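Since the structure is predicted, the reported quantities are computational estimates derived from the model, not experimental observations. In what follows, chains carry the letters A, B, and so on, assigned in the order in which the sequence lines appear, proteins first and then strands, with residues in each chain numbered from 1.
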2 protein chains.
Amino acid sequence: MSLDTRLSGILHVLLHMAEHHGPVTSEVLARAMHTNPVVVRRVMAGLREQGLVASTKGHGGGWTIACDMQRTTLRQVYDAVGSPALIALGNRSERPTCLVEQAVNAALDETFREAEALMLERLGSVSLAALSADFHARMVAGGHSIDHHTHSHDAENSR
Amino acid sequence: MSLDTRLSGILHVLLHMAEHHGPVTSEVLARAMHTNPVVVRRVMAGLREQGLVASTKGHGGGWTIACDMQRTTLRQVYDAVGSPALIALGNRSERPTCLVEQAVNAALDETFREAEALMLERLGSVSLAALSADFHARMVAGGHSIDHHTHSHDAENSR
DNA sequence: ACTCATGTAACTGTGTATGTTACATGATGG
DNA sequence: CCATCATGTAACATACACAGTTACATGAGT
């Protein structure tokens, strides 16, 4: 099954934005994410509605972070991109009258709900600031200077 | 995203088979699962390769359970259907050179791996016999007699 | 032989994320 | 005020995987 990469992509974009002073255009963000500017805008629209980012038009316009990165968690970003399904498996029918299927659903649903709850809890425990700090730690560990214009991006888009 | 219902469907089928004495044909199982006999055979092929079920051709042929239901877990059934992805989210690129993306991937991957491990652990802790026992308990609780020919199946195939 | 049932290939249907094109809207700078 | 830049959004194309369907071959039983 093909995976939903919107959360991954938008987090990438947010962290890049955090390294900039002024607004960043969709085109610049799209290049960093190896995708199309329209795709960026589409996903960012959800974040804007939640007040996580703001957009300005015209010359010198673009996207800016409009939230406190210390208080904003990955969970909020996840919800802002539409809270897509976390679990890739499901039951063939909800509310079946067949007792066999009810037993199967009960067993699987409990497992699914537990895993889902765990993921949501984990996402809720990581702030954007923590993610950004991790990035800076990696930069120091790799011997890079704090220069966000020299990040290289690989072209592989596998999985 | 549309969900993978093979595990759910095949467990339904296995529990139905457990209520029968002799072999059950793909057509009968397909009716219980509200699907096509070929779909049943396709998924059952994986179980046969793992020795969980056996098939016989010709008159009076069909599918029979070929494993110890006490010792066989949902995890084994899950593996037999091809171990499909459990998590519906993913990263835009594996092994990125971009440090920002590395940080994002690390955070998300850990969450995903934990949830996946939890699900596999849960699936591994439930035997087919336990599932079947749960089914029988539901039958008693609902005041049904042990007559597996009167199970009704609903027609809704939502989600 | 005839029938029944599995075994498979090949094709279609469907839903969703993703990618792309096109154009409208609004803001800025000369 | 007009050209340019950037977002906003609709519309359409593409890719992919599960699911469903048709068709036919293979083998077992009567």
Engineer: I need the CG-C1' distance between A:N36 and D:dC12, as an integer number of Å.
Structural biologist: 13 Å

Engineer: Could you tell me the separation between the NE2 atom of A:H34 and the P atom of C:dA17, rounded to a whole number of Å?
Structural biologist: 22 Å

Engineer: Please name the pair of heavy atoms, one in A:A66 and one in A:A54, separated by the smallest distance, quoted to 0.1 Å.
Structural biologist: CB-N, 3.9 Å

Engineer: Would you kindly give the CD-to-P distance between A:E27 and D:dT7, to the nearest whole Å?
Structural biologist: 9 Å

Engineer: Base contacts versus sugar-phosphate-only contacts with protein, heavy atoms under 4.0 Å: please encode nucleotides 25-30 of chain C as B, S and - from 5' to 3'.
Structural biologist: BBBB--

Engineer: Are B:T35 and D:dG20 close enough that a side-chain N or O sits under 4.0 Å from OP1 or OP2?
Structural biologist: yes

Engineer: Can you list the residues that meet the salt bridge (charged side-chain N to carboxylate O under 4.0 Å, His left out) rule with A:R6, with sequence neighbours excluded?
Structural biologist: A:D4

Engineer: May I have all residue pairs that pass side chain to side chain donor-acceptor pair (under 3.5 Å) and include part of residues 50-64 of chain A, sequence neighbours excluded?
Structural biologist: A:S26-A:W63

Engineer: Could you pull out all residues at least two apart from B:E121 that satisfy salt bridge (charged side-chain N to carboxylate O under 4.0 Å, His left out)?
Structural biologist: none

Engineer: Among C:dA22, C:dA9, C:dA17, which is the nearest nucleotide to the side chain of A:V38?
Structural biologist: C:dA22

Engineer: Once salt bridge (charged side-chain N to carboxylate O under 4.0 Å, His left out) is applied, what residue pairs with a partner in residues 43-54 of chain B remain, sequence neighbours excluded?
Structural biologist: none

Engineer: Return the value, rounded to whole Å, for the distance between atom CG of A:L3 and atom C1' of C:dG15.
Structural biologist: 16 Å

Engineer: Share the residues that join B:L118 in a hydrophobic cluster, the rule being Ile, Leu, Val, Met, Phe, Trp or Tyr side chains under 4.5 Å apart at the heavy-atom level.
Structural biologist: A:L118

Engineer: Are any of B:S26's side-chain N or O atoms less than 4.0 Å away from OP1 or OP2 of C:dT6?
Structural biologist: yes

Engineer: Between side-chain atoms of residues 67-78 of chain A and protein atoms elsewhere (two or more places apart, or another chain), which donor-acceptor pairs fall under 3.5 Å?
Structural biologist:
{"from": "A:D68", "atom 1": "OD1", "to": "A:Q70", "atom 2": "N", "distance (Å)": "2.9"}
{"from": "A:T72", "atom 1": "OG1", "to": "A:D68", "atom 2": "O", "distance (Å)": "2.9"}
{"from": "A:T73", "atom 1": "OG1", "to": "A:R75", "atom 2": "N", "distance (Å)": "3.3"}
{"from": "A:T73", "atom 1": "OG1", "to": "A:Q76", "atom 2": "N", "distance (Å)": "3.4"}
{"from": "A:R75", "atom 1": "NE", "to": "A:D79", "atom 2": "OD2", "distance (Å)": "3.2"}
{"from": "A:Q76", "atom 1": "OE1", "to": "A:T73", "atom 2": "N", "distance (Å)": "3.0"}
{"from": "A:Y78", "atom 1": "OH", "to": "A:P84", "atom 2": "O", "distance (Å)": "2.5"}

Engineer: Where do A:E101 and A:R92 come nearest, in terms of heavy atoms and distance?
Structural biologist: OE2-CB, 3.7 Å

Engineer: When the distance from CG of B:L89 to P of C:dA17 is rounded to whole Å, what number comes out?
Structural biologist: 10 Å

Engineer: To the nearest angstrom, how far is B:R92 atom CZ from C:dT18 atom P?
Structural biologist: 7 Å

Engineer: CD of A:E49 versus C1' of D:dT9: gap in Å, rounded?
Structural biologist: 13 Å

Engineer: Is there a side-chain contact between B:R48 and the phosphate of C:dG7, meaning an N or O under 4.0 Å from OP1 or OP2?
Structural biologist: yes

Engineer: Counting only non-hydrogen atoms, which of residues 39-46 of chain A are less than 4.0 Å from DNA chain C?
Structural biologist: A:V39, A:R42

Engineer: CE of A:M33 versus C1' of C:dA17: gap in Å, rounded?
Structural biologist: 12 Å

Engineer: List for me each residue that meets side chain to side chain contact (heavy atoms under 4.5 Å, CB included) alongside B:V24, sequence neighbours excluded, and say none if there are none.
Structural biologist: B:M17, B:H20, B:V28, B:L29

Engineer: For A:H12, is there any backbone N or O sitting under 3.5 Å from a side-chain donor or acceptor partner on A:H16?
Structural biologist: no

Engineer: Going by the rule side-chain hydrogen bond (donor to acceptor under 3.5 Å, both in side chains), which residues pair with B:N105 if we only count those two or more places apart in sequence or in a different chain?
Structural biologist: B:N91

Engineer: Can you list the residues that meet the salt bridge (charged side-chain N to carboxylate O under 4.0 Å, His left out) rule with B:E114, with sequence neighbours excluded?
Structural biologist: A:R122

Engineer: Under 3.5 Å for both distances, Watson-Crick or G-U wobble, that's the pair rule; now give the dot-bracket for DNA chain C, with | marking pairs to another strand and [ ] for crossing ones.
Structural biologist: ||||||||||||||||||||||||||||||

Engineer: Side-chain N or O of B:T25 versus OP1/OP2 of C:dA5: is the shortest distance under 4.0 Å?
Structural biologist: no

